[in-house]
Trainee: 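Before I ask anything, here is the structure I am working with.
What's counted below: heavy atoms across the whole structure, side chains too, no hydrogens, waters or symmetry copies.
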Number of protein chains: 2
Amino acid sequence: MHGTNMKRKKTKLDIFNDAAVSGVVFKNRSLKKLIVSQINHLGNCTITDLSKDLGASVPKTTSLINELIQDGLIRDEGKLDSTGGRRASMFGLVPDACHFLGVDVKKFHINFGLMDFTKKMTYQKEKVPFRLENTPESLELLIRLIKSFLGEGPCKNAQIIGLGINLTGRINHKTGHSFSFFHFKEEPLAEIIHKEIGIPTFLENDSRAMAYGEFQLNEHGKENNILFINMDYGTGIGILLDGKVYYGKSGFSGEFGHIPIFENEIICHCGKKGCLETEASGHALVRKFKTQIKKGYTSTALKKNMPVDDITMNDIINAALNEDQLSIELISEIGENLGKGLAVLVNIFNPEILVLGGALSETGDYIRLPARSALNKLSLSLVNNDTKLKISQLGEKAGVIGACLTARDTIIL
Amino acid sequence: MHGTNMKRKKTKLDIFNDAAVSGVVFKNRSLKKLIVSQINHLGNCTITDLSKDLGASVPKTTSLINELIQDGLIRDEGKLDSTGGRRASMFGLVPDACHFLGVDVKKFHINFGLMDFTKKMTYQKEKVPFRLENTPESLELLIRLIKSFLGEGPCKNAQIIGLGINLTGRINHKTGHSFSFFHFKEEPLAEIIHKEIGIPTFLENDSRAMAYGEFQLNEHGKENNILFINMDYGTGIGILLDGKVYYGKSGFSGEFGHIPIFENEIICHCGKKGCLETEASGHALVRKFKTQIKKGYTSTALKKNMPVDDITMNDIINAALNEDQLSIELISEIGENLGKGLAVLVNIFNPEILVLGGALSETGDYIRLPARSALNKLSLSLVNNDTKLKISQLGEKAGVIGACLTARDTIIL
DNA sequence: CCTACTTTGTTAAATTTTTTATTATCTATA
DNA sequence: TATAGATAATAAAAAATTTAACAAAGTAGG
């Protein structure tokens, strides 16, 4: 075989290619993609439904469906109940058609996950120890850990066609650049990792990925304008408008933690004063906790002989869940401060729903109720009556799921 | 003629109907709409361009173009310069194909305008005296004034197929409801006016309409993520994302004036404290002016023997433009406070451009520079470096233009 | 359980659209 | 100012899609 003139192997996944084709070939590919997309959004579909959605005739739709079945991308899922006449066949995605890998990089660990074509997580590995630092060594370790996960369990045999990675900080999803971490070369980090691992790679900001994960697999209903608040040590938001992730000009949207709405003298790690994060974040919680302990307050969060400076956000969260008074009070204070920030968002966005996610959201109503109350006090009632405030349903899993979906939907939609 | 079975008169504007058709008729109509839309966005187009954009063959595109010429919607605009071969014909919209009426309702006057199919304003009437009050009489007068404008000049003979109306306050563009003004019945205000005037009517919030007007006719470039700040007595924003107006769940987006970011004891007319509007708006400017005068400061804005309580925002703006020291200082203060609000927006949206519009923006750099400086101080530099801050190019005209475009684009796009 | 009425899916004719070949314009260069 | 190379538009041939008629599969009611 002479390498020079070798054509790319034709696979069943050809419809997801961007290769330049035109005319009827192009139209058919577009329609097939649209069918996959419709089934993805609506669940199993009938030929009649699809024919309407595509604006194509029933015979045409039938032949496209048959091709997609040949390709192994969709399959017959049996008959629908009668609506007064002959029962219609339903068609759904084939789970094993392809897979996607999600990598959620946190400050002190990584979560891995494998997702199939139908958005089901088929294999997961959580809390793999890792320390996120802005060094080449940290990046090398990350790549090694990904490779190692790829050799495990069902990953070995799955056809993985996309890799999604969540990172904190400024991420440009479109170009694949990460500016806050691993920005050692001009070449996009996504491209560097693609070359190392051999799978097309997509970067996303952690809050945006979590927002997307939460939204796609939610039971919230059919909301399309969603703000996801990621409450970790820092506070970021993921913005979904019209069901799509909003990036901003360079992918820097959602720096909610650094909006200047408090009048204090606390210097945020971004270098400014008065940031929301100085009063409503995991960092703020830890700082307030230390101050109170030094003032003489007591807390069960502080284990015997433990120096107060070793306390972590998670210690306080767990203490609160175990009814520790001080922790609950401080979290409530954080919630109230957060509510002021939420009031800003609600007035500007008039969203359908605000979802509290990230580590701090695990405290449930301890943080939600004070936030809701402050939100009501500080925003226009006509507008805030319109908005639900809920706790994330996916919790920490939102990250991996979002990472998988980022890769998946960038490729197939 | 028996009225019972009479079909709607078929006109050249049939492609803008929503009437249910299917199959090839539907496809052709969609494609024709798409052609109009492409020419609308890109300016005059050639058959080859359109054929690519539509995903249709050249002969097909040619036949659609010919039909549109028959319909009187587009016309041959001559030949393009050669790109190395035979010169291509360009096609553009026919200006007189149809017209749209825009009504910009301000607090103390109304601006009217007539726009043709090519987005040109063909007739305008500004500052028609009117007092916006939430009474049936005020609404009646508004309707009378619209009818009267329709009898004037070129309006008499133009085929007007849409009417756009701007109002302040909470507007739901989709349902046609206005909640802050003229909400006397359950029936949408847009529908009531449609019945009165006989032209399909579309309501829009003033800031959003101005944003849309500024964006569509701008020379700003090809930006798609734009925030338009409407600085009048109140302060609202119009949000354009991906080139489209963002409404929020119920159309209440953009209540920028009421985000709680100041710690003061001034009660906003919305009933809350600390709203941006209490420190950065026309109202705030007037209040600050009165306070300073009562403290003994002097200003040329205050004409001989004029009681200070009669001062208006426009007096102060004009004085500033005539180098009045106090007015300039106060406007600069307003600008600085505004900058704090802009910092919030920039951190959240990472927009391509912020446009300052509305009455206060006429003070140009007097308000822009302090705002820019505060913005830089208070938002992440990586993000704010990304954002331009400009003064509106259309000024007060943005309103009527936006109203016309709201009607126009709701119908034809 | 037969008949009338629905809805789904298939087939074949009719129509539409794309392809391919050809002609028409235009530039650049010898 | 001819001629080769390039792009645009049209015409005829080929292919694809829709339409419309019909068969299949179901419900509901006497």
Side-chain angles (χ1 to χ4, degrees), chain A residues 14-15 19-35 38-39 42-71 74-92, chain B residues 14-15 19-35 38-39 42-71 74-92:
Chain A
D14 262 8
I15 64 163
V21 291
S22 65
V24 47
V25 179
F26 172 77
K27 281 188 187 174
N28 280 345
R29 203 163 74 184
S30 302
L31 287 173
K32 280 162 106 177
K33 258 183 124 158
L34 235 170
I35 291 177
Q38 284 292 320
I39 297 179
L42 275 43
N44 296 349
C45 294
T46 68
I47 291 182
T48 317
D49 294 340
L50 288 170
S51 148
K52 273 173 199 143
D53 297 337
L54 303 188
S57 65
V58 170
K60 175 66 187 165
T61 308
T62 307
S63 95
L64 290 170
I65 290 266
N66 287 334
E67 281 180 44
L68 282 166
I69 291 174
Q70 281 286 318
D71 293 344
I74 68 173
R75 67 184 183 188
D76 193 319
E77 298 278 6
K79 307 267 184 213
L80 207 64
D81 281 347
S82 168
T83 57
R86 175 172 167 177
R87 296 169 63 194
S89 289
M90 290 182 309
F91 297 90
Chain B
D14 261 8
I15 63 162
V21 291
S22 64
V24 48
V25 179
F26 172 78
K27 281 187 189 174
N28 281 344
R29 203 163 74 184
S30 302
L31 286 173
K32 280 162 106 178
K33 258 182 125 157
L34 234 169
I35 290 178
Q38 284 292 320
I39 297 179
L42 276 42
N44 296 349
C45 294
T46 68
I47 290 181
T48 317
D49 294 340
L50 288 170
S51 148
K52 273 173 200 143
D53 298 335
L54 302 189
S57 65
V58 170
K60 174 66 186 163
T61 308
T62 307
S63 95
L64 290 171
I65 290 266
N66 287 334
E67 281 180 43
L68 282 166
I69 291 173
Q70 280 286 317
D71 293 344
I74 69 172
R75 66 183 184 191
D76 193 319
E77 297 278 6
K79 307 265 184 214
L80 206 66
D81 280 347
S82 168
T83 56
R86 175 171 168 179
R87 297 169 62 193
S89 290
M90 291 183 309
F91 298 89

Trainee: Quick one: side chain to side chain donor-acceptor pair (under 3.5 Å) partners of A/S51, sequence neighbours excluded?
Mentor: none

Trainee: Hey, does A/T62 reach any base, or is it just sugar-phosphate, or nothing, if we go heavy atoms under 4.0 Å?
Mentor: sugar-phosphate

Trainee: CG of A/L54 versus C1' of D/dT17: gap in Å, rounded?
Mentor: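 These atoms are roughly 14 Å apart.
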
Trainee: Which value, rounded to the nearest 0.5 Å, describes the distance between A/M90 atom CE and A/D49 atom CG?
Mentor: 11.0 Å

Trainee: For nucleotides 3-7 of chain D, which of its nitrogen or oxygen atoms have a protein nitrogen or oxygen under 3.5 Å away, and what is each distance?
Mentor:
residue, atom, partner, partner atom, Å
D/dT7, O2, B/R86, N, 3.0

Trainee: Give, for atom CZ of B/R29 and atom CD1 of B/I15, the distance between the pair rounded to the nearest 0.5 Å.
Mentor: 8.5 Å

Trainee: Between B/N28 and C/dT17, is there a contact of a side-chain N or O with OP1 or OP2 at under 4.0 Å?
Mentor: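 Yes, such a contact exists.
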
Trainee: Going from NZ on B/K32 to CG on B/D71, what distance comes out if it is rounded to the nearest 0.5 angstrom?
Mentor: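 It is 4.5 Å, given to the nearest 0.5 Å.
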
Trainee: How many whole angstroms separate atom CG of A/D81 from atom P of D/dA25?
Mentor: 17 Å

Trainee: Remember a base hit wins even if backbone is also touched, and classify A/V58 as base, sugar-phosphate or nothing at under 4.0 Å, heavy atoms.
Mentor: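 Base: the residue A/V58, judged by heavy atoms under 4.0 Å, touches a nucleobase.
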
Trainee: Give the rounded distance in Å between these two atoms: CG of B/L31 and C1' of C/dT16.
Mentor: 12 Å

Trainee: Without decimals, in angstroms, what is the distance between A/L50 CG and C/dT8 P?
Mentor: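 Interatomic distance, CG of A/L50 to P of C/dT8: 12 Å.
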
Trainee: Counting C-beta onward and ignoring hydrogens, is there a side-chain heavy-atom pair between A/T62 and A/N66 closer than 4.5 Å?
Mentor: yes

Trainee: Need one value for A/S89: base, sugar-phosphate or nothing, where a base atom within 4.0 Å counts as base even if backbone is also close, heavy atoms only.
Mentor: sugar-phosphate

Trainee: Is the shortest side-chain N/O distance from A/K79 to OP1 or OP2 of D/dA25 below 4.0 Å?
Mentor: no

Trainee: Would you please confirm or rule out a distance under 4.0 Å between OP1 or OP2 of D/dT18 and any side-chain N or O of B/K27?
Mentor: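 It does, given that an N or O in the side chain of B/K27 lies less than 4.0 Å from OP1 or OP2 of D/dT18.
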
Trainee: Nearest heavy-atom pair of B/T61 and B/A56: which atoms, and what distance?
Mentor: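 Scanning both residues completely, I find the closest heavy atoms to be OG1-O, 3.9 Å.
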
Trainee: Measure the distance from CZ on A/F26 to P on D/dA16 and round it to the nearest whole Å.
Mentor: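 In whole Å, D/dA16 P lies 17 Å from A/F26 CZ.
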
Trainee: Over how many whole Å does the gap from A/D76 atom CG to C/dT8 atom P extend?
Mentor: 15 Å

Trainee: Would you say A/S82 reaches D/dG26's phosphate, i.e. side-chain N/O to OP1/OP2 under 4.0 Å?
Mentor: no

Trainee: B/D76: what forms a side chain to side chain donor-acceptor pair (under 3.5 Å) with it, not counting sequence neighbours?
Mentor: none

Trainee: Does D/dT17 have OP1 or OP2 under 4.0 Å away from a side-chain N or O of A/K60?
Mentor: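 The answer is yes; a side-chain N or O of A/K60 sits under 4.0 Å from OP1 or OP2.
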
Trainee: Tell me the interatomic distance from A/I69, atom CD1, to C/dG9, atom P, rounded to whole angstroms.
Mentor: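 Between P of C/dG9 and CD1 of A/I69: 11 Å.
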
Trainee: Could you give the CE-to-C1' distance, from B/M90 to D/dA9, as a whole number of Å?
Mentor: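 From B/M90 CE to D/dA9 C1': 16 Å.
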
